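Report on one structure; see the data block that follows.
Every heavy atom of this structure was used, including side-chain atoms; hydrogens, water molecules and symmetry mates were not. From a predicted model like this one, the values you see are computed outputs, not experimental measurements.
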Amino acid sequence: MVGDDYTLVSAVLYVAESLSPIRRHLVRRRCRQLFGKWLTETAAISPADGSSPGAFLAPLFVAAFAEDEYADPEKRATGTLHRALMTDPASPELARLERDLRRLSAGW
């Protein structure tokens, strides 16, 4: 997990709170696709809103001590963003990433 990903997901979920319930659900689903389920759910539970220093460190501690399906870093980095970064520039994964980012920016 990269701290910037956590901060970005937290910010997106915070902004999505002002959307309708349906669009908020779609944004959360798109975040799960882009960043993975673990990171999205962690940001929803403990957002990086600057309210306390522990808010940013909480996901790191959860990742370090978790004994569930997310304990393995390979399972945490399952989003489109991470897969696209691990492929070559001609990969169809990059086109999928661009499409998902456009939809997320539109609130879908």
Donor-acceptor pair, side chain of T80 and main chain of Q33, under 3.5 angstrom: yes
Where the side chain of S91 meets the backbone of T87, is there a donor-acceptor pair that is under 3.5 Å apart?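 Answer holds: no.
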Pairs involving residues 15-29, ordered by first then second residue, that meet salt bridge (Lys or Arg N to Asp or Glu O under 4.0 Å) (sequence neighbours left out): none
Of all pairs that satisfy salt bridge (Lys or Arg N to Asp or Glu O under 4.0 Å), the ones with a partner from residues 92-108, not counting sequence neighbours: R30-D100, R83-E93, E93-R96
For residues L94 and D88, determine if any side-chain heavy atom of one lies less than 4.5 Å from a side-chain heavy atom of the other. no
Are side-chain heavy atoms of L8 and F35 found at a separation under 4.5 Å?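 Side-chain contact under 4.5 Å: yes.
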Is there a path from L13 to L19 through hydrophobic residues (I, L, V, M, F, W, Y) whose side chains come within less than 4.5 Å of each other? yes
I22: side-chain contact (heavy atoms from CB on, under 4.5 Å) partners, not counting sequence neighbours: S20, L26
Report the distance from atom OH of Y6 to atom CG of L39, rounding to the nearest 0.5 Å.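 Here the interatomic distance stands at 8.5 Å.
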For the residue pair C31 and L104, what are the closest heavy atoms and their distance?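 Looking at all heavy atoms of both residues, the closest pair is SG-CD1, 4.2 Å.
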Note: L97 and L81 closest approach over all heavy atoms is CD1-CA, 3.8 Å
